[in-house]
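One structure below.
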Amino acid sequence: MGTQPEQIVSLKGVAKSFGAVRALAGVDLAVGAGECLGLVGHNGAGKSTLMNVLAGTLAPDSGAIEIHGKDLAAGYSVTVAHRNGIRCVFQELSLCPNLTVAENTRILHPALKGFGWKQRAGRLIKEKLDEILPGHGISPGDTVGDLSLGQRQMVEIARAFTVTDDPLHLVILDEPTSSLDASTAQQLLEFVRREVARGRSVILISHLLGEILRYSDRVVVMKDGKVVAERPADRFDRDSLVGAMGTVVEHHAAVQATAVRERSGTPVVVRAKSALQTDDQALVAHRGEIIGLAGLAGHGQTRMLLQVFAGAVGRMHGVDVQGPVAFIAGDRQTEGIFPLWSIARNVTVRSLPRMLRHQLVDSRREAEMAESWKQRIKIRTPDMDNNILSLSGGNQQKAVFARALGSDAEIVLMDDPMRGVDVGTKLEVYDILRAEAAAGRTFLWYTTEMDELNYCDHIYVFRNGRIVADVSREEMTEQKILQSSFKESA
Amino acid sequence: MTALLLNRDLLRRALPAITLAVLLVAIFIKQPLAMSQFGLTLMLQYAVPIALATLAQMFVIAVNDLDLSIGSFVGLTTCIAGLYLPTEPLLGALLLLLCIAAYVAMGALIHLRNLPSIVVTLGMSFVWLGIAVLLLPTPGGKAPEWLHGLMNLKVPGVPFPIIAAIVIAAVVQIGLMHSSYGVVLRGTGGNPKAVARAGWSLLKTKMVMFGLAGSFGVLSGLSLIGLTSAADAHIADRYTLYSIAGVILGGGEFIGGRVSPVGAVLGAITLALAASFLIFLRISPDWQIGAQGAILIIVLALRAAITRGSAR
Amino acid sequence: MNATMLRKLHQTPWIWSFVGAVAVWLATIAFTEGQGAGAIVTAALSFACFTVIVGTGQMLVITTGPGNVDLSIPATITLCGTVAMKVMNEQDSLLILGIVAALAAGAVVGALNYGLIRFLRIPPIIATLSMSFLVQSSAIAYNRGLRIKPPPALDAFTTGDTFGVPWIAILTVLFSVVVGIIVGRSYYGRAISAIGQNSRAAWLANIPVERFRFLTYVASAMLSAICGILLAGFSGGPALDMGSEYLLGSIAVVVIGGTSVAGGRASVPGIWGAALFMFLLVTMLNTFGASAGIRLVATGLIIIAVIAIAGGERESR
């Protein structure tokens with residue numbers, strides 16, 4: 001392995017169980033100074049649990065947490081972690097929406113107090129934001145709740161790299177680019193590299209394997225609560241990484257050129273015009289098509305989907321929808337799951353009106369539906385009557401998929417539904433989508449991942465709430481989509 | 001476009017003040033005599049205890065809880081103050097401190113057991129009232145001289161309640177909105193998990209906020225007995241509803257730590273004045289309370305209209 | 001075996017309210033050496049009915065999610081009780097008309113409540129509170145608190161019993177059974193639970209969220225109306241403060257009964273247990289000769305103790 005650089009952190013034999021579930025089965029992990037460590041694994045592999053242990057928000061059942069060679073496991077906490085220069089940017093955002101950007105900076109730094117703290121906090125965060133993303137347009141006095149999701153993510157990451165009294169050695173970034181568009185994500189990761197060059201260490205967790213391979217020095221793969229592979233990044237490639245994560249790469253040879261249907265071949269089921277559209281361009285979907293909604297994150301794609309949904313369940317100007325719809329939310333915590341319910345109930349909720357007998361829900365039919373979707377979409381649970389929260393994130397998302405796909409909906413709206421879903425799950429779901437489309441279902445699919453556009457029959461590129469390009473499968477190239485995304489309004 | 005947005009935002013923030021101004025103008029038109037120092041002092045005298053109770057409620061609302069017991073708590077503190085402060089000031093002060101400690105404990109209990117605050121405070125409202133009734137079965141007691149003197153202070157030119165309200169609002173505004181620990185306290189309402197992850201103790205912030213609520217409840221009771229000079233267990237029963245309405249009128253929101261101390265004080269004054277206004281209007285006593293409801297609805301509807309406009 | 005039983009107990013938190021009710025009753029009759037044991041039960045069953053009816057409405061509202069609560073219940077009870085008695089005018093022949101009028105008044109209050117919440121975007125707690133001021137004023141202006149006697153048939157019905165079981169109690173139990181089935185197994189029941197957990201997710205799951213919220217607020221106000229009619233009949237006529245104890249009472253029985261204050265989970269049987277418990281508790285303290293102050297303190301502490309021991313909401317994540 002060569003000479004070891006100075007070690008910042010060394011976890012030894014860390015184990016953690018939640019009830020009967022073993023989340024971490026004795027993990028060893030070391031991070032050297034000036035190193036970017038990529039951490040990958042499926043949902044439920046134990047990455048987040050491990051990072052929570054390291055950040056001090058979760059106490060391990062056993063194991064050592066050595067920082068600069070000293071075991072601090074006893075009495076380890078967030079405060080201890082901070083004092084020793086370890087910080088974590090969690091996957092779900094940890095900013096207070098009611099406070100300003102400067103005030104949120106203050107929350108992280110006990111040292112920012114006394115007279116003039118507001119100015120000092122503002123300067124601190126502004127400098128860091130300027131460094132990461134010049135021209136970010138965020139002011140320290142802005143209330144976080146008024147910022148877009150992407151801006152909030154920027155602020156939180158910038159905040160993690162600000163320094164006052166406590167030293168800063170290691171920052172954990174858990175899915176840092178999930179709400180950022182490609183170019184901002186790139187700027188952020190370039191910044192991470194600069195920090196690493198300055199001697200700081202970063203643990204980078206991402207489902208985007210390209211990011212991991214490109215920006216980390218060393219990659220650690222976790223599976224079932226253990227580290228299963230560890231190599232310098234340049235000795236992994238996409239396939240070997242996916243292989244190490246334990247995904248059986250079922251041949252999905254990037255979408256065969258399935259005979260392209262004529263667009264006019266089937267009847268139009270959705271026609272919708274954005275309120276911001278200045279010309280006559282409308283989004284049109286024919287039966288059985290998979291329609292991609294592309295463009296930079298947050299440029300009106302979700303709004304278009306919601307508009308179509310509202311038009312289908314009620315009435316909406318400029319929207320014409322033929323047939324029942326279902327919606328698959330990307331942010332399952334806030335828009336998808338019902339946390340008090342079982343998996344089965346979460347799956348059937350969309351279909352209840354069909355299951356009524358004498359005005360009451362027929363529990364037998366409900367159980368049948370749940371069971372059949374458990375098989376079809378492979379929800380990993382011993383019992384569909386278990387609480388939805390007993391599932392890992394990816395499997396929760398599968399339940400949300402099953403809810404829509406098992407319904408009577410002829411049109412399915414998908415709002416970037418693969419956010420934070422592992423590769424294995426994705427591949428399984430892609431296959432189902434293709435089969436469903438072939439059977440006559442229509443999909444409107446907003447995605448931030450270029451790869452997923454390969455599955456679409458037709459793509460609309462959004463910019464500033466408008467459709468700026470209308471691209472068929474044959475014409476589609478990454479280049480073309482990116483160009484349209486950045487093109488000034490036509 | 002942005003200018004318009006800004007204006008709407010500004011308008012929403014200024015709404016509590018505008019409401020109050022409109023109400024004042026309406027009162028002066030209806031009853032020009034009210035526009036004197038004496039008239040204003042008379043109309044506003046109960047604004048001080050209501051404002052203090054509203055701020056107490058605001059501290060609780062800022063951490064996403066609701067205090068349904070503040071009215072009976074204020075009632076209890078008037079009983080304690082009326083009974084003991086004139087004769088045994090030490091004992092009285094000790095008992096009042098105990099009351100604040102009980103509020104701190106209530107906050108701790110709510111946090112530690114993760115209990116719904118409306119139920120706990122609902123239960124506590126019985127307890128406060130019960131103790132008050134035990135202490136003082138019939139109205140009685142009297143205010144200590146100094147308190148009576150303070151509340152009836154005459155400042156040349158400006159009605160005392162206005163001075164008091166400005167001082168109270170300024171102190172809380174600076175303490176909660178501008179101090180560095182105030183940020184942590186408000187953050188607890190905005191995203192408790194984030195505050196905990198930054199290494200702060202949520203138990204402590206909750207206890208501090210409930211302690212502040214208790215302290216302002218005590219101050220409200222003291223100022224109330226300073227005005228009435230006799231205590232009664234039921235004297236402040238209405239304050240629970242007034243205080244909630246005052247916080248909301250003042251631009252506060254039930255969840256998310258979005259509160260405004262200045263707004264809350266303005267809201268409380270508006271409520272206090274609304275009662276006088278209705279009397280000047282010679283509305284039939286049957287409809288007095290209904291008219292208060294109507295005022296509340298109109299102001300909130302206005303705010304909703306402005307907010308909706310700015311959301312677009 | 002023991003563990004599964006414990007888990008089962010944990011899943012049915014409402015059982016504790018019944019345990020509490022029985023315990024308090026036993027303590028009372030132990031003190032009176034068995035005297036009046038039956039009479040106490042009869043009284044408890046009667047008085048519990050009113051709390052159960054409005055508590056059920058409150059439960060439906062609370063189940064639709066955080067922040068949802070109906071504070072207009074007391075005023076609506078008063079208004080509808082007054083309307084019913086005034087329309088009935090002490091005549092049995094106008095009984096039905098009076099009931100219809102009261103229910104209609106209740107429905108209007110419910111619809112207005114919903115309108116304030118939905119169209120003026122006022123938080124439910126303030127909307128229903130403001131509405132209650134208006135409703136209370138209407139009740140005062142309408143009748144000025146004059147006492148009108150209920151028609152004989154209503155009087156007989158509300159105070160009648162068979163072997164010590166009040167007729168209204170039998171009716172209310174039947175009502176609770178029906179509501180239990182609706183909440184547990186109908187689309188409406190499932191839907192309000194979904195809305196209570198996450199109203200946006202519910203909307204995106206094609207649940208007609210607004211229609212069901214409207215129905216819920218109207219149902220709560222109409223149940224207040226029914227309570228108003230029965231209460232006016234039971235107590236020999238309407239009074240201006242007849243509803244006041246049901247403000248806190250309706251919330252207390254819902255919570256003690258095991259319904260989640262954060263929304264999404266309703267418990268119908270628990271309301272009965274809690275209503276009986278609350279009434280019997282006061283009876284016990286009265287029997288022990290406690291003063292009003294002690295009674296209040298004990299009631300408050302017990303509400304807190306129950307909720308603290310039963311434990312708070314599970315972390316939802």
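Every chain is numbered from 1, with letters handed out A, B, ... down the list of sequences.
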Do you know which of [options] has the most heavy-atom pairs with chain C at a distance under 4.5 angstrom?
{"options": "B/Ile110, B/Ile297, B/Ile295, B/Leu302", "result": "B/Ile297"}
{"options": "B/Val127, B/Val119, B/Leu134, B/Ile289", "result": "B/Ile289"}
{"options": "B/Ile255, B/Ile244, B/Leu241", "result": "B/Leu241"}
{"options": "B/Leu135, B/Leu66, B/Leu129", "result": "B/Leu129"}

*Does the side chain of C/Val297 come within less than 4.5 Å of B/Phe126's, by heavy atoms?*
no

*Is there a side-chain contact between B/Trp287 and C/Ser138, using heavy atoms and a 4.5 Å cut-off?*
yes

Considering only heavy atoms, which portion of [X] lies under 4.5 Å from any heavy atom of chain B: side chain, backbone, both, or neither?
{"X": "C/Ile304", "result": "side chain"}
{"X": "C/Leu248", "result": "both"}
{"X": "C/Ile294", "result": "both"}
{"X": "C/Ser132", "result": "neither"}

*Mind running side chain to side chain contact (heavy atoms under 4.5 Å, CB included) on B/Ile118 and C/Val261 for me, showing each step along the way?*
CA-CA 9 Å; B/Ile118 60 167; C/Val261 188; 3.9 Å; yes

Please determine, among [options], the option with the most heavy-atom pairs under 4.5 Å with chain B.
{"options": "C/Ser291, C/Ala141, C/Ser137", "value": "C/Ser137"}
{"options": "C/Val254, C/Val255, C/Val135", "value": "C/Val255"}
{"options": "C/Ile122, C/Ile256, C/Ile302", "value": "C/Ile122"}

*State, to 0.1 Å, how close B/Leu296 and C/Ser130 come at their nearest heavy-atom pair, and which atoms those are.*
CD2-OG, 3.4 Å

*With sequence neighbours excluded, residues passing side chain to side chain contact (heavy atoms under 4.5 Å, CB included) with B/Gln292*: B/Tyr242, B/Ala275, B/Leu278, C/Phe133

*For B/Ser125, is it the side chain, the backbone, both, or neither that has a heavy atom closer than 4.5 Å to a heavy atom of chain C?*
side chain

[atom1] of [X] to [atom2] of [Y]: how many Å apart, nearest 0.5 Å?
{"X": "C/Gln136", "Y": "B/Asp286", "atom1": "CD", "atom2": "CG", "value": "11.0 Å"}
{"X": "C/Ile251", "Y": "B/Leu68", "atom1": "CD1", "atom2": "CG", "value": "6.5 Å"}
{"X": "B/Arg303", "Y": "C/Leu120", "atom1": "CZ", "atom2": "CG", "value": "12.5 Å"}

